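Here the structure comes first, spelled out in structure tokens, and everything after it is commentary.
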Protein chains: 2
Amino acid sequence: MVASTLSEVARLAGVSPATASRVLNGSARKPGPDIAERVRSAAESLGYVPNAQAQALAKSSSGLIGLIVHDIADPYFAAIARGVQEAAREQGRMVLLATTAGAPADEREAVAAFAARRADSIVIAGSRSARPEDRQGNAGLAAELDRYCRNGGQVAVVGHGVVGAASTEGYHVVTVPNEELAAKLAAELAASHHGHFVIIGGPAGLFTSDDRIRGFQRGLADTALPPAEIIRTEFTRSGGFDVGIALAARIKASQAAANTSGDTKRICIFAVNDVMAIGAAAALRAEGLRIPRDAIIAGFDDIESLRDFRPPLSTVHLPLEEIGRQATRRAGETAGENAVPPAITGHVTLRRSTEGAFPAP
Amino acid sequence: MVASTLSEVARLAGVSPATASRVLNGSARKPGPDIAERVRSAAESLGYVPNAQAQALAKSSSGLIGLIVHDIADPYFAAIARGVQEAAREQGRMVLLATTAGAPADEREAVAAFAARRADSIVIAGSRSARPEDRQGNAGLAAELDRYCRNGGQVAVVGHGVVGAASTEGYHVVTVPNEELAAKLAAELAASHHGHFVIIGGPAGLFTSDDRIRGFQRGLADTALPPAEIIRTEFTRSGGFDVGIALAARIKASQAAANTSGDTKRICIFAVNDVMAIGAAAALRAEGLRIPRDAIIAGFDDIESLRDFRPPLSTVHLPLEEIGRQATRRAGETAGENAVPPAITGHVTLRRSTEGAFPAP
DNA sequence: GTAAGGTGGGAAAGCGCATTCCCAGTGTCT
DNA sequence: AGACACTGGGAATGCGCTTTCCCACCTTAC
């Protein structure tokens, strides 16, 4: 990558580099119109493209914002990324992307890389983890983030804060009311469903998953229902699918048993996120079961691809793009702005997958 | 963003900046082990993070790769982005993301921004356009790209080249055999379907769309079938949906007519990409029609979210991630490498949505 | 008419790093 | 023992830009 430089432009225009800089890259001082014109046309004829690296070096602000996601092709993260991208554009910044599959060690590396590039701010999406095997990784990540913040970087993390992160300055958490919403979902489901509840959760220690599980259980408890059974699996579609297969077997068995005794009670499945719910639902269908006839199911997030899933899946709507936007804005604020950060809100969205507590025959 | 610098580290370690640079940021010359250790521990205790901007400036190579997509939340682009990300990681580079909604003017801007950041290479995904209203935008984009290439940048564009781009050096096109595959799809469908064919296409002038339409028509012609009717709409789900609604009305009307006369002939719908196919299918369903009973339908791309769509959609599988990877690799090659670029191949994937030419009643 | 205050331009000092060049010290070959 | 190539370290230069400081010139006010 070679390209013409500012001084070349200046020389061609017959002015000093200082002047050329002032006219081309916005400064407080505006050179005279005739000179400005000369410089501009010189730049044009040379095909001058300012070197952002050098600019960043000189004024120590890179106009970069780092985004960390588990997987950019996951609709959940893709939606957040879209919001981030949008907000970044508003701020005139560019987005640096890193995908980490949720591994704290990789996340640490990504933060270091962002720091090296002197990104003005970093947005971390993706569930934080408190799993024992992630302890060390988390510690490293927290240390890296602290260092980044100490150096004046701004961090926004979606959901929960990083375990062990101690920074008070420049460290923002965009809180998502996972627990409350899960509780509300449980309450609404409990209002019409009177059978067994099963939660398909992620690995223990994943905050997002744990919060939603806790919330759901609380919601049941508030309705004086016994806690749901919890089955843990991976936080992915295939995790949901596996559990779905197991549940299908169980459902069939209980249907066979009930066949003689009389009424069948459907179970209600709550998967802690939509992709898991989709996996589970696909498994049930693959096993010849129908939703909501043989079981009802709900997810969480309301990802866009849910729109075309059949049956329409009940879920909790989260404004994913808005979350991305807000995280970006929070991290982009110049310290002074103390506008009250608008809280993230979601809402329960009941669809056909949880229809009819007692199925009309 | 302030941070400790290399000279601070050097001073603390009691060596010269040159030496510190050599030990910390890989150089041909390896300082002695004792010195190296001193430097390393000094760096550690200072929390030194090399300034990539400065490094880039000094060695004029930024380690950045720019990615341009229409919409990062679209599963098609998300899959490509995943591949790009992966390949970038292999190369030790970071991905800069820009989304443009396909507007050439925005794309030009993105290229300029990448050029400013001295990105080593740029990957452009997303259909190129030859629409008259994009003429000017395309010209600008082509000029910007030419300039970028002339300055030593590497460009890889997925599908078709940018209209008007003249660079021979550093300009790669990852060709996707849209036409051949569409022809093959048409042939396979024609083998068992004997009714009317309708193509839901994007705006005229969109290469991807036009190629697929042309290929499909050729495939029909090769089977001695009359060309399909073409309905153009937006290159999005909602475009597909709108057309789907219109088609549903037509199907119903023809069914009503056939009711008296006897046999009904289903139409076969080919949507030039999967999201449009999904939209159309959703519309048919919303109108009470069933696939493949009332119409059969096929898409193109085999995006990941198709997996959970019912009925399973026939489509043409494209190795999207691989496309992203390959584009990135091509753009990342240091000129010398003249490895034969492995061609992109896809294959027709028939699923239930096009099942049963003559439905068993 | 002169002093005070603008104005518009240039010179120069970095920003943080890589790298070339130089130099002192060590070892090897004849 | 002397010339020789190495080796490992430091000084200095420059990457492309911003920004302070400075200077010459022109206004304006008294």
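Lettering follows sequence order; numbering is per chain, from 1. A quick note: this is a predicted structure, and the numbers were derived from the prediction, not measured.
Sequence order on DNA chain C of the closest nucleotides to Leu57(B) and Ala18(B) puts Leu57(B) first from the 5' end. Nucleotides of DNA chain D nearest to Ala54(B) and Ile35(B) differ in position, and the one nearer the 5' end is that of Ile35(B). Along DNA chain D, the nucleotide nearest Thr19(B) and the nucleotide nearest Gln55(A) are compared for position; the residue whose nucleotide lies closer to the 5' end is Thr19(B).
Panel note: side chain Ser7(B), backbone Ala10(B); no donor-acceptor pair is recorded below 3.5 Å. At least one donor-acceptor pair closer than 3.5 Å links the side chain of Asn138(A) to the backbone N or O of Ser129(A). A side-chain donor-acceptor contact under 3.5 Å links Asn51(A) to the backbone of Ala54(A).
Sorted by first then second residue, the ring pair (Phe, Tyr, Trp, His ring centres under 6.0 Å) pairs that include residues 30-52 of chain B, not counting sequence neighbours, number zero.
Taking 4.0 Å as the cut-off between side-chain N and carboxylate O, Glu322(A) and Arg325(A) count as a salt-bridged pair. Ion pairing of Glu144(A) with Arg147(A) is present here, as a side-chain N (NZ or NE/NH1/NH2) and a carboxylate O approach within less than 4.0 Å.
Counting 5' to 3', DNA chain C first comes under 4.0 angstrom of a heavy atom of chain A and last does so at the ends given by dG8(C) to dG16(C). Nucleotides of DNA chain D lying under 4.0 Å from heavy atoms of chain A occupy a range whose first and last members, 5' to 3', are dG16(D) to dC21(D).
Residue Pro50(A) is in sugar-phosphate contact alone, with no base atom involved, counting any heavy-atom pair closer than 4.0 Å across all strands shown. At a threshold of 4.0 angstrom between heavy atoms, the contacts of Leu6(B) are confined to the sugar-phosphate backbone, with no base atom among them.
Side-chain contact check for Val162(B) versus Tyr171(B): some heavy-atom pair is nearer than 4.5 Å.
More than 12 heavy atoms of other residues, nucleotides or ligands shown are found within 6.0 angstrom of CD on Glu133(B).
Residue Thr100(A) holds its OG1 atom at 9.5 Å from CD of Gln85(B), rounded to the nearest 0.5 Å.
If one axis is set at each end of the helix from dG1(C)-dC30(D) to dT30(C)-dA1(D) from five pairs, those axes are 40° apart, to 10°.
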All N/O donor-acceptor pairs, side-chain side in residues 88-95 of chain B, below 3.5 Å, sequence neighbours left out:
unit_1, atom_1, unit_2, atom_2, d
Arg89(B), NH1, Thr99(A), O, 3.0
Glu90(B), OE1, Arg329(B), NE, 3.2
Glu90(B), OE2, Arg329(B), NH2, 3.3
Gln91(B), OE1, Arg93(B), NE, 2.8
Gln91(B), NE2, Thr328(B), O, 3.2
Arg93(B), NH1, Asp120(B), OD2, 2.8

Table please: side-chain donor-acceptor pairs of residues 32-42 of chain A below 3.5 Å, with sequence neighbours left out.
unit_1, atom_1, unit_2, atom_2, d
Arg38(A), NE, Ala13(A), O, 2.9
Arg38(A), NH2, Ala13(A), O, 3.2
Ser41(A), OG, Arg38(A), O, 3.2

